[in-house]
Asker: 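Okay, handing you the structure first.
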Amino acid sequence: MLRTHTCGDLRRTHVGQTVTLCGWVDKYRDHRGIVFIDLRDRYGKTQIKFNLSDDSDIQKTAWDLRYEDVVQVTGEVVERPADMTNPKLATGEIELRAKDLVVLNKSKTPPFEPEGQSLPNEELRLKYRFIDLRRPELQKAMIMRHKLTKATRDYFDSLGFLEVETPILGRSTPEGARDYLVPSRVHQGSFYALPQSPQLYKQLLMVGGLDRYVQIARCFRDEDLRADRQPEFTQIDVEMAFITREDLLQVIDGLVAAMTKAMRGIDIKLPLPRYTYNDVMERFGSDKPDLRFGMELVDIKDVAEKCEFGVFKQTIANGGRVRGINAKGAADKYSRRILDNDMKNLVADYGAKGIAYFKVTGGKLDSSIAKFFTEEQQQAIIAKLNGEEGDLLLFVADTNKVTSAALSALRSRLGRELQLYDPAEINVAWVLDFPLVTWNADENRWDAEHHPFCSVVPEDEQYFDTDPGRVRASSYDLICNGYEAASGSIRIHDPVMQQKVFDLLKINAEEAEKRFGFLLEALRYGAPPHGGIALGLDRWVMLYAGYDNIRDVIAFPKTQKASDLLTGAPSEVDTRQLRDLHIAISERK
RNA sequence: GGGGCCGUAGCUCAAUUGGUUAGAGUACCGGACUGUCGAUCCGGGGGUUGCGGGUUCGAGUCCCGUCGGCCUCGCCA
């Protein structure tokens, strides 16, 4: 080892010892006769002192040290004078009096300092990721990520799960996200697909009798990115045989408790709260509401259909809905300009044509449209939304879908801006009973809400032929702070039932055989009842770390256009490589 | 594919209504300094204002296009 201790180790108890540290030059303070260096590694920082009277040769070398040089320093741990300790450093009561200095590697002037006064733009940080990774915030994320996977493996190991690796080079099963494709050299014109998830493999493992499976699995989806979405990401992928939905929920409750203990050191209360899909959609307008605060959606159909405000009245007459939320005490916090522009633009993103708002003042509604509501109607609105003096009531009139999406977005923004919750809180809950299928108006058919292998809540089978939209899936999502944090279901293990679902989705037998034949065949050879779930590992790390961006918890993330600014991927390749793969690039337009 | 924000020195930012030689802090280079911890002080170098067009007597500023980064709708079974 080139060092005896790390830069975070040394304390008053080490005084008098001769030690060797290695690290990066974080700061240098050159007084000519005396030079101070803050030496940094991932464990901390230690002040090094070079004194001219001690050894002038070392001193001269110390004069030339610059940011991010990598050095090895040997010296004696000495106590700092009482008035010169640094309470900002864990090692601030001591310093290292240098006797020997080796410059292990001189650094070019770095494009930015890891702990400089201001963080450079993300483009530069991504290009020089190896420097960005020296920042404590990114190192914290990598450490948390390690701890989370460790806690996960320990937890499932204790329950007898087997970690099984599934192929990265697999078969493309169209539908769902776009696949990343890998051309085959041996099979001209054929392609492998990178897995969007190990979904089919883990079901095959259940048929294979492996019973309890877990994998920290890399997944790939060629879709547009978001702050919480990367083209390649990691799932904690789980599948179990011979279980009910209840069994699965309890196992994952335990996992969430183990993860929270490992990441935050706290014991969360079990069982995790459970909501139904219909419940959260009605109360929060979202299938993944942030449950750290209330501000639930309220339907005011009774008032809206009778009032003289045309937009409300017409919407109800056309079969739509008028729903609103109460931003407690926010009447004076938003100007008319913000409400008429910013808030309107926000809901417009979700298809809403406008936003109606009232301030509760003197027991009445104050608004440019208040005149369209009788005294009685105003009181009814105030009562329904529990309005009090100084509250701001916001309404959207549109289809059920649009009011949900728009008010959910409004609620998220208001909750954040009005600071209605503790940003550090981790609030996890189950959402159960998603619809099995949703109507796809464009294609004139039913689409699977989760995936085509999801089983049905038994008492809803009766609606299969008459009212498919009413059939609930035996599925479940974990939600955390407004993010979808996990998703799973009890699967279909009966080939007859599977065929019924394919029929509903208008996937004909021939097509099903072509796409998923291997799975259907497996179901015919004694497939046990089984189900599972997949947790988005990156998102969980992001949430536990308190970051709002998934890139900050991934060592080498990609940009919104899915390129890697550090390596330059994706890149053009040699024509010879293309020839081996029988691939020709058509002219760019 | 659509909408929004952004791009000026290595970095973070400024630059009046379109008007003189595009500035500041920091970094970098040189000098001074034995107790600093955002060290301080003195001096210096450093610019294709992302790129390409256009309007104008004159463009960092206005217009069009394009490239890149971020946020977002669609998309993500």
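Within every chain, numbering begins at 1; the chains are lettered A, B, ... in the order of the sequence lines, protein sequences first and strands thereafter.
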Asker: At less than 3.5 Å, do the side-chain atoms of A/Asn86 and the base atoms of B/C37 form a donor-acceptor pair?
Answerer: yes
Asker: In this structure, is the centre-to-centre distance between the rings of A/Phe502 and A/Phe516 below 6.0 Å?
Answerer: yes
Asker: Is any N or O donor-acceptor pair between the side chain of A/Asp224 and the base of B/G74 shorter than 3.5 Å?
Answerer: yes
Asker: So, OP1 or OP2 of B/C76: does either fall under 4.0 Å of a side-chain N or O from A/Tyr180?
Answerer: no
Asker: Under the criterion of centre distance below 5.5 Å and interplanar angle below 30°, is A/Phe36 classified as stacked on the base of B/U36?
Answerer: yes
Asker: Nearest to the side chain of A/Glu122, heavy atoms from C-beta on, is which of B/G30, B/G69, B/A39?
Answerer: B/G69
Asker: Is it the case that the base of B/U26 and the side chain of A/Glu113 share a donor-acceptor contact (distance under 3.5 Å, atom types as modelled)?
Answerer: no
Asker: More than 12 foreign heavy atoms under 6.0 Å from OH of A/Tyr128: is that the case here?
Answerer: no
Asker: Considering only side-chain heavy atoms of A/Arg226, which listed nucleotide, B/C37, B/C73, B/U34, is closest?
Answerer: B/C73
Asker: Can you tell me how far C1' in B/G18 sits from the matching atom in B/C57, rounded to whole Å?
Answerer: 12 Å
Asker: Do A/Tyr350 side-chain atoms and A/Ser408 backbone N/O form a donor-acceptor pair below 3.5 Å?
Answerer: no
Asker: The side chain of A/Asp349 lies closest to which of these nucleotides: B/A39, B/U36, B/U72?
Answerer: B/U72
Asker: Any idea which of B/U72, B/G68, B/U12 is nearest the A/Ala227 side chain?
Answerer: B/U72
Asker: What about A/Arg551, does its side chain sit under 3.5 Å from the base of B/C70 through a donor-acceptor pair?
Answerer: no
Asker: For atom P, what is the distance between B/U8 and B/G60, given to the nearest Å?
Answerer: 15 Å
Asker: If we take the C1' atom in both B/U20 and B/A59, what is their distance in whole Å?
Answerer: 15 Å
Asker: Once you apply the 3.5 Å cut-off to both distances, tell me the Watson-Crick or G-U wobble partner of B/G46, or none.
Answerer: none
Asker: If you go through the side-chain atoms of A/Arg229, does one of them form a donor-acceptor pair with the base of B/C75 closer than 3.5 Å?
Answerer: yes
Asker: Centroid distance below 5.5 Å plus an interplanar angle below 30 degrees: do A/His31 and B/G35 meet both conditions?
Answerer: no
Asker: Please check the phosphate of B/A39 (OP1 and OP2 only) for any side-chain N or O of A/Arg29 closer than 4.0 Å.
Answerer: yes
Asker: Quick one: is B/A27 close enough that its OP1 or OP2 comes under 4.0 Å of any side-chain N or O from A/Thr109?
Answerer: no
Asker: Give the nucleotide from the list B/A39, B/G35, B/U34 with an atom nearest to the side chain of A/Arg80.
Answerer: B/G35
Asker: Quick check on B/G69: is either OP1 or OP2 less than 4.0 Å from any side-chain nitrogen or oxygen of A/Ser563?
Answerer: yes
Asker: So for atom OH, which belongs to A/Tyr192, do other residues, nucleotides or ligands contribute more than 12 heavy atoms lying within a distance under 6.0 Å?
Answerer: no
Asker: Please give me the minimum heavy-atom distance between A/Asp179 and A/Asp222, naming the atom from each residue.
Answerer: O-CB, 4.0 Å
Asker: With a 4.0 Å limit, can you tell me whether A/Lys108 has a side-chain N or O closer than that to the phosphate oxygens OP1/OP2 of B/G10?
Answerer: no
Asker: Rounded to whole angstrom, note down the P distance from B/C11 over to B/C76.
Answerer: 39 Å
Asker: Establish whether the base of B/U34 is bridged to the side chain of A/Asn51 by a donor-acceptor pair shorter than 3.5 Å.
Answerer: yes
Asker: So does A/Asn345 get a side-chain nitrogen or oxygen closer than 4.0 Å to the phosphate oxygens (OP1/OP2) of B/C73?
Answerer: no
Asker: State whether the distance check finds a donor on one side and an acceptor on the other, under 3.5 Å, for side chain A/Glu123 versus base B/G50.
Answerer: no
Asker: Any sub-3.5 Å donor-acceptor pair from A/Thr46's side-chain atoms to A/Cys7's backbone N or O?
Answerer: yes
Asker: Tell me the partner of B/A24, counting only Watson-Crick (N1-N3 plus N6-O4 or O6-N4) or G-U wobble (N1-O2 and O6-N3) with both under 3.5 Å; none if nothing fits.
Answerer: B/U12
Asker: Has A/Ser286 got a side-chain atom pairing as donor or acceptor with A/Lys288's backbone, closer than 3.5 angstrom?
Answerer: yes
Asker: Ignoring hydrogens and geometry beyond distance, is the side chain of A/Lys49 in donor-acceptor contact with the base of B/G35 at under 3.5 Å?
Answerer: yes
Asker: From B/G69, B/C76, B/C37, pick the nucleotide closest to the side chain of A/Ala177?
Answerer: B/C76
Asker: With the side chain of A/Leu565 defined as its heavy atoms from C-beta on, choose the nearest nucleotide among B/U12, B/A39, B/G69.
Answerer: B/G69
Asker: Does A/Asn121 have a side-chain nitrogen or oxygen under 4.0 Å from the phosphate oxygens OP1 or OP2 of B/U12?
Answerer: yes
Asker: Please give the distance between the C1' atoms of B/A39 and B/C33 as a whole number of Å.
Answerer: 11 Å
